[in-house]
Novice: 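Dumping the structure here so I can ask a few things about it.
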Number of protein chains: 2
Amino acid sequence: MRLDDPTPVSSPPRRLVRQSLADGVADELRRALIAGELADGAPIPEVHVATRLGVSRGPVREALIELERDGVVEFDSRGRSLVRPLTEEDFEEIFQLRLAIEPLAARLAAQRMTPEDHANFEGLLAGLDECGTWEKFHAWDVEFHEAILLTAHQRRLHAAWRTLKLQMARWLMELQRRRSLVTGHKLPQTIKYHRRLAALLIEGKAKAAETEMRWHIGVWGEWLPAVKAKA
Amino acid sequence: MRLDDPTPVSSPPRRLVRQSLADGVADELRRALIAGELADGAPIPEVHVATRLGVSRGPVREALIELERDGVVEFDSRGRSLVRPLTEEDFEEIFQLRLAIEPLAARLAAQRMTPEDHANFEGLLAGLDECGTWEKFHAWDVEFHEAILLTAHQRRLHAAWRTLKLQMARWLMELQRRRSLVTGHKLPQTIKYHRRLAALLIEGKAKAAETEMRWHIGVWGEWLPAVKAKA
DNA sequence: TGGTTGTGGACTGTTGACAATCGACAACCA
DNA sequence: TGGTTGTCGATTGTCAACAGTCCACAACCA
């Protein structure tokens with residue numbers, strides 16, 4: 001890339017973005033949360049995180065606020081932050097919210113799909129072939145749903161969904177750890193369903209995509225028993 | 001109230017809550033935003049707010065982050081905060097999101113209504129009689145919808161809705177300022193509809209309340225033309 | 001012994017100061 | 001003149017320190 005060309009680079013590749021320390025701290029906390037390094041209900045003293053990561057308390061504070069918005073951290077009445085325990089009701093809530101958000105997003109995405117989105121989804125669809133394990137598939141799945149939310153072009157809808165994303169990841173890890181997942185679902189079958197949904201989106205069949213997504217989330221909600229077994 | 005009684009006061013009345021400066025700053029900014037004292041797109045330098053309110057930049061930072069979550073403030077690439085301009089697309093988005101959230105909330109609220117909630121809604125219903133002006137009614141309306149979201153007992157749903165609340169207030173003020181509101185709607189009629197919705201909730205008719213709310217939001221969405229006229 | 005009263009430690013809330021970044025505008029030069 | 005290079009002011013990012021609050025535990029007393 002030539003650096004003496006004065007025309008600005010507008011598209012994503014090779015653009016320098018300054019990432020604040022707060023963002024870095026948030027990323028690190030997210031990682032730790034998903035990795036299960038922080039137990040449910042464990043306190044997260046600002047000072048500890050700060051010294052551990054070699055920053056001051058300011059950025060840590062901001063990161064914690066960010067994570068509170070994502071629903072994985074909560075502040076007690078005295079302002080101390082702690083890992084928000086996962087409860088069965090949370091799962092139920094997340095289920096309801098997904099049911100409200102994602103079918104709508106699917107409809108809008110199908111309606112508003114541009115040629116670029118089109119190509120994007122074709123690529124995703126192709127990537128599905130390489131999902132030989134549940135682990136790979138789950139990674140693909142998150143990317144897929146995120147793509148739908150992005151394609152819907154609704155900032156607020158996406159923001160609401162984002163707050164669910166991290167929590168779903170935590171559930172997934174927790175369930176995998178207990179090996180209580182994959183409750184009667186076959187991977188090839190699951191992949192088939194996703195292929196179907198992706199096809200509807202690509203074809204721009206808005207109403208059908210919405211219905212399919214509603215059903216899709218419903219299936220996901222069937223994990224609830226596994227969740228109950230854990231809680 | 002006796003202060004030498006060791007039993008803690010759990011219910012709302014007379015309980016001392018420490019409000020951080022950040023919360024106070026956020027409240028003040030919210031007020032200014034709704035009052036129209038901050039123009040669309042106007043920068044909000046931390047230092048200005050801090051000196052104006054006699055606090056340091058820390059709490060102001062946190063307040064601005066809070067308002068960004070509420071969707072009324074945005075940060076540019078360099079971290080500077082500014083008043084997020086209201087656009088027609090925003091209104092459309094808010095409409096879609098309300099349509100996804102509130103009917104669901106109404107259904108859940110009707111299902112889960114406790115005797116206390118019951119009394120609460122009865123009180124609200126009575127308060128409707130004193131809404132002689134649109135202004136009073138709008139205040140009542142916000143309280144009403146908030147009560148529904150609270151009664152649904154879904155943290156995340158409520159959180160998603162809260163981010164819309166402030167923005168709706170901004171729209172309302174903006175439209176009132178332009179006198180482009182009340183587009184063919186009569187106040188007594190509007191009050192009648194609300195009375196009907198409230199009755200369904202109180203009677204616990206979940207499905208009917210959900211449908212009514214969907215229609216209700218749909219009517220609200222008819223303000224869109226007025227919004228377009230403004231934008 | 002049972003309840004009250006210090007006292008220390010662990011945190012958070014808030015602040016003021018310093019460093020870094022960026023736009024605007026002036027100075028400079030080929 | 002057109003483009004490049006300083007420089008200044010405005011604003012945010014980050015930090016270290018201080019003050020306030022609360023819990024836990026010990027000391028104390030009736």
Side-chain angles (χ1 to χ4, degrees), chain A residues 2-10 14-29 32 38-39 41-69 72-84, chain B residues 2-10 14-29 32 38-39 41-69 72-84:
Chain A
R2 299 188 46 131
L3 290 177
D4 54 349
D5 181 348
T7 63
V9 182
S10 58
R14 293 260 142 244
R15 187 174 176 190
L16 254 47
V17 275
R18 197 167 25 137
Q19 174 160 342
S20 72
L21 283 186
D23 292 336
V25 174
D27 285 344
E28 180 59 21
L29 284 173
L38 290 167
I44 317 176
E46 293 172 1
V47 192
H48 291 198
V49 181
T51 54
R52 192 82 166 37
L53 299 180
V55 299
S56 74
R57 278 175 48 218
V60 175
R61 265 181 96 81
E62 292 185 17
L64 287 171
I65 292 177
E66 164 104 18
L67 291 183
E68 192 223 4
R69 154 165 56 183
V72 291
V73 160
E74 69 181 2
F75 295 101
D76 65 14
S77 60
R78 231 202 300 170
R80 289 174 304 187
S81 49
L82 45 94
V83 180
R84 183 158 209 281
Chain B
R2 297 189 48 131
L3 291 177
D4 54 349
D5 182 346
T7 62
V9 181
S10 57
R14 292 263 143 241
R15 186 174 176 191
L16 252 48
V17 276
R18 204 172 14 141
Q19 176 161 345
S20 71
L21 283 186
D23 292 337
V25 174
D27 285 344
E28 180 58 20
L29 284 174
L38 290 167
I44 317 176
E46 294 173 0
V47 191
H48 291 199
V49 181
T51 53
R52 193 83 168 30
L53 299 180
V55 300
S56 72
R57 277 176 49 218
V60 175
R61 265 180 96 79
E62 292 185 17
L64 287 171
I65 292 177
E66 164 104 18
L67 291 183
E68 192 223 6
R69 153 165 55 182
V72 291
V73 160
E74 68 181 2
F75 295 101
D76 66 13
S77 60
R78 230 204 298 171
R80 289 174 304 187
S81 49
L82 45 94
V83 180
R84 183 158 208 282

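The chains referred to below are lettered A, B, ... by the order of the sequence lines, with proteins before strands, and numbering in each begins at 1.
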Novice: Below 4.5 Å, heavy atoms only, C-beta onward: do B/Asp27 and B/Gln19 meet side chain to side chain?
Specialist: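 Yes, their side chains come closer than 4.5 Å.
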Novice: Within this structure, what is the CG-to-C1' distance between B/Leu82 and D/dA10, rounded to whole angstrom?
Specialist: 15 Å
Novice: Mind calculating the distance between CG (A/Leu21) and P (C/dA19) to the nearest angstrom?
Specialist: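 One finds 17 Å between P of C/dA19 and CG of A/Leu21, rounded.
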Novice: Can I get a per-line list of side-chain donor-acceptor pairs under 3.5 Å for residues 52-59 of chain B, giving both atom names and the distance, sequence neighbours left out?
Specialist:
from    : atom 1 : to      : atom 2 : distance (Å)
B/Arg57 : NE     : B/Glu46 : OE1    : 2.9
B/Arg57 : NH2    : B/Glu46 : OE1    : 3.1

Novice: For B/Arg78 and C/dA24, give me the distance from atom CZ to atom C1', rounded to whole Å.
Specialist: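 Taking CZ of B/Arg78 and C1' of C/dA24, I get 11 Å after rounding.
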Novice: Both A/Arg80 and A/Val55 contact DNA chain D. Taking the nearest nucleotide for each, which residue is further toward the 5' end?
Specialist: A/Val55
Novice: Any idea which of D/dC15, C/dC22, C/dT14 is nearest the B/Ser20 side chain?
Specialist: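 Closest of the options to the side chain of B/Ser20: C/dT14.
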Novice: Counting side-chain heavy atoms from C-beta on, which of D/dC22, C/dG16, C/dT12 comes nearest to A/Ser81?
Specialist: C/dT12
Novice: Using the salt bridge (Lys or Arg N to Asp or Glu O under 4.0 Å) criterion, which residues pair with B/Glu66? Sequence neighbours excluded.
Specialist: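 Residues passing salt bridge (Lys or Arg N to Asp or Glu O under 4.0 Å) with B/Glu66: B/Arg69, B/Arg162.
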Novice: Would a 4.5 Å heavy-atom cut-off, applied to side chains only, mark B/Glu68 and B/Phe75 as touching?
Specialist: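 Yes, at least one pair of side-chain atoms sits under 4.5 Å.
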Novice: Taking only residues two or more places apart in sequence or in another chain, which ones pass side-chain contact (heavy atoms from CB on, under 4.5 Å) with B/Leu82?
Specialist: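 Partners of B/Leu82 under the side-chain contact (heavy atoms from CB on, under 4.5 Å) test: B/Glu74, B/Asp76.
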Novice: In plain terms, say whether B/Arg61 and A/Glu62 are close enough for a salt bridge, that is, a side-chain N and a carboxylate O under 4.0 Å apart.
Specialist: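 So B/Arg61 pairs with A/Glu62 through a salt bridge.
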Novice: Heavy atom of residues 57-66 of chain A under 4.0 Å from DNA chain D: which residues?
Specialist: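 Under 4.0 Å from DNA chain D: A/Arg57, A/Pro59.
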Novice: Round to a whole Å and report the spacing from CG of A/Asp76 to P of C/dT12.
Specialist: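 A/Asp76 atom CG is separated from C/dT12 atom P by 9 Å.
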Novice: Could you identify which residues of residues 41-53 of chain A place a heavy atom less than 4.0 Å from some atom of DNA chain D, listed by residue number, or say none?
Specialist: none
Novice: Does C/dA20 have a Watson-Crick or wobble partner in any strand here, with both distances under 3.5 angstrom, and which is it?
Specialist: D/dT11
Novice: Please determine, for C/dG3, whether a Watson-Crick or G-U wobble partner exists with both distances under 3.5 Å, and give it or none.
Specialist: D/dC28
Novice: Who are the side-chain contact (heavy atoms from CB on, under 4.5 Å) partners of A/Leu67, not counting sequence neighbours?
Specialist: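 By the side-chain contact (heavy atoms from CB on, under 4.5 Å) rule, A/Leu67 matches A/Leu29, A/Arg30, A/Leu33, A/Asp70, A/Val72, A/Val73, A/Leu166.
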